[in-house]
Amino acid sequence: MGYGGQWLRAVRALYADVTMSVTAPGLEGRVFSATQGLKQGCPLSPTLFSLYIADWEERVLSAAAAGMPLALPQLAGQPVPPLLYADDMALLATTANGLQQQLRLLEQYCAERGLTVNVVKTKVMLLAGAADEQTAMQRVRRARHTFDGAPVAGVAAFKYLGLVFHCTQPVGEAAAEGRARVARFAAASFEGRCTALGLEAARLLLSLYRQMVDSTLSYGAAVWSPGLALAAVRRLGTQAGAAGGGSGLSAAEQQHYRTLRRLLGLPQRAPRATVLAETGEPPLHAHWLARTARFWNSLVAAPEDSLMRQVLDASLQLAADHTPSRHRGPHGIAQMPWAAQLQSALAEAGIAADLQQRQPLQPEAVQEAALQHYLQHLQTAVQRRGASRLQHYFDCVRPECLEVAGYGMAPYLVEVKMRVRMYVGGVLLALLLATTGQADGRHARAMADTQACLVADPQCQTCKTSTLCAICKDSTLPDSETGKCLLRKS
């Protein structure tokens, strides 16, 4: 392969003396030397394994060219080889017999290289062609695929490189559900860790959330989110969509709103539009479109003969030949090619771009345009009858949020350094403030409900001044009787 010299000596030194031992609770096995395999968790291990099996792709393509019936899918007239990332492999075939032939070829290759395949973790899934899950599973069982004499189980859904694929669900829907499940655990771990460290400043929590939880939630979104982004853009035109109400949100969007509410201590009934405005977060579909724009740029810049470029060309051709469905719902979107979903999402969000020209996109401009489109619909939603909570918030509390220039994190979240929590003593502290004239009865009741407030200015006369006090800046809890926020007075 051309590797040698100092690089090869360094790799040999890493594996010159690898010792291991098997441990169990209360027991520790003897230390022994490992002479096979790669180090678990070593950053170099995936690269070394990829070098070891670098000729597998060529083996498959050569066998197909020689006439072996592997039934490889075609992209732009070229066969698609197996997908590989380190030791995670996905074999693709258009027929059941072709897939079995690929499994037999893999058996031979593993025998030559001394490799072992974990048949228990190996699964077969029908990617398309079945009307329902039951039919898909029946077809897989009838195929009776085997590897090295052992049966390979069929499944309705399978996770590959962190993304869930389903036999009948659209790619975006299945992936969003899978990422939402992972993000739910990440959010719980994140909140627990922040509690253990005593981190309570809302601004810091939101910043950490973006890095630790939102990145998990939107992992791979450039691939699976264009259809969901298109659905979200279209939902803005409905009566409840711009306000964040109504149905139709993906599992990922629901998890996103759920975590933001928890970080701010807001009740479940708080409108989604106010949650986004308080945190300064654009709607999730705007983030997704920006991510997809970056991915699009990498596709456009890919070499002409690369698999990524072939995928792009095939998707654009499908988009050019696609006839828009009369159904604008999820079913119609699911039938659209990836490039058509992205083109429609950009166009309906007011972003001028012709993807057929293969020109780069500006991710920041895409996100800003998507935010502008969202705010335009929100301005209309605020004026509708019955939107009293939205009207109070966007007319009285933060009217600047209806413009892109004024949209951002609430000032009180930027200014607050620490939050004093009133766990068991919440009611007592609220009543004490009420009796000393620092808060009226309604203010005290709201503080008791939230069990959290900021007492940064003990001299503040909450209900007797025309400015927002430190306590008023720390909650958006609406009154159960009027539906208006008790702690935001002007």
Side-chain angles (χ1 to χ4, degrees), residues 172 203 206-207 209-211 213-215 217-238 241-244 249-250 252-253 256-257 260 271-301 338-383 390 393-394 397-411 413-414:
R203 184 185 184 187
L206 289 170
S207 178
Y209 165 76
R210 297 187 190 101
Q211 301 299 323
V213 181
D214 185 50
S215 58
L217 179 66
S218 297
Y219 166 77
V223 176
W224 52 261
S225 69
L228 298 181
L230 174 57
V233 171
R234 289 179 175 177
R235 196 166 53 244
L236 294 177
T238 64
L249 269 71
S250 67
E253 292 171 295
H256 180 63
Y257 287 120
L260 289 180
R272 300 187 187 108
T274 60
V275 175
L276 291 178
E278 284 284 278
T279 59
E281 285 287 311
L284 198 53
H285 73 266
H287 279 304
W288 287 345
L289 287 177
R291 284 173 174 262
T292 309
R294 296 186 185 95
F295 180 59
W296 166 266
N297 292 343
S298 66
L299 292 175
V300 171
W338 179 87
Q341 292 177 345
L342 177 57
Q343 179 71 78
S344 298
L346 293 174
E348 297 193 26
I351 304 168
D354 185 2
L355 300 186
Q356 294 293 340
Q357 300 300 320
R358 293 171 171 79
Q359 295 298 318
L361 299 172
Q362 299 298 324
E364 294 77 13
V366 167
Q367 179 166 314
E368 182 175 338
L371 175 61
Q372 177 66 52
H373 178 261
Y374 161 75
L375 293 178
Q376 290 174 352
H377 284 276
L378 182 58
Q379 292 172 10
T380 303
V382 169
Q383 303 306 320
L390 290 179
Y393 183 85
F394 289 103
V397 180
R398 299 195 67 205
E400 71 278 4
C401 281
L402 291 177
E403 300 292 339
V404 173
Y407 194 86
M409 187 181 296
L413 291 180
V414 178

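Because the structure is a prediction, the values reported are computed rather than measured.
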Can you name the nearest heavy-atom pair linking L217 to A252, along with the distance? CD2-O, 3.5 Å

Which heavy atom of L276 sits nearest a heavy atom of P283, and at what distance? CD1-CA, 3.9 Å

At their closest point, which heavy atom of A286 faces which heavy atom of P282, and how far apart are they? CB-CB, 4.1 Å

Taking all non-hydrogen atoms of both residues into account, name the closest pair between L346 and A353 and its distance. CD1-CB, 4.3 Å

Taking Y407 for its side chain and E281 for its backbone only, find out whether a donor-acceptor pair lies under 3.5 Å. yes

Looking at residues at least two apart in the chain, or sitting in another chain, which of them share a side-chain hydrogen bond (donor to acceptor under 3.5 Å, both in side chains) with Q367? none

Under 3.5 Å donor-acceptor, H256 side chain and D214 backbone: no

Report the distance from atom CG of L284 to atom OG of S225, rounding to the nearest 0.5 Å. 8.5 Å

So which heavy atom on P226 is nearest to which on A345, and how close? O-CB, 4.2 Å

Please check this pair: side chain of Q343 against backbone of L355, looking for a donor-acceptor N/O pair closer than 3.5 Å. yes

Nearest 0.5 angstrom please: F394 CZ to L378 CG, how far? 4.5 Å

Nearest 0.5 Å please: distance from the CZ atom of R358 over to the CH2 atom of W296. 7.0 Å

Under the side-chain hydrogen bond (donor to acceptor under 3.5 Å, both in side chains) test, residues paired with Q341 that sit two or more places apart: none

For F295, give me all partners under side chain to side chain contact (heavy atoms under 4.5 Å, CB included), at least two apart in sequence or on another chain. A222, V223, S298, L299, M308, W338

Measuring from L371:CG to L289:CG, what's the distance to the nearest 0.5 Å? 12.0 Å

Does Q372 have any side chain to side chain contact (heavy atoms under 4.5 Å, CB included) partners at least two apart in sequence or in another chain, and if so, which? Q376, V404

Can you list the residues that meet the side chain to side chain contact (heavy atoms under 4.5 Å, CB included) rule with R294, with sequence neighbours excluded? A290, R291, P363, E364

Taken to the nearest 0.5 Å, the spacing of E368 CD from I351 CD1 works out to 10.5 Å

Name all residues meeting the side chain to side chain contact (heavy atoms under 4.5 Å, CB included) criterion together with A232; count only those two or more places apart in sequence or in a different chain, and write none if there are none. R235, E253, H285

Side chains of T279 and Y209: closer than 4.5 Å at any heavy-atom pair? no

Might you point out which heavy atoms bring A229 and W288 nearest each other, and give the distance in Å? N-CE3, 4.4 Å

For residues E348 and H373, determine if any side-chain heavy atom of one lies less than 4.5 Å from a side-chain heavy atom of the other. no

Taken to the nearest 0.5 Å, the spacing of S250 OG from L228 CG works out to 5.0 Å

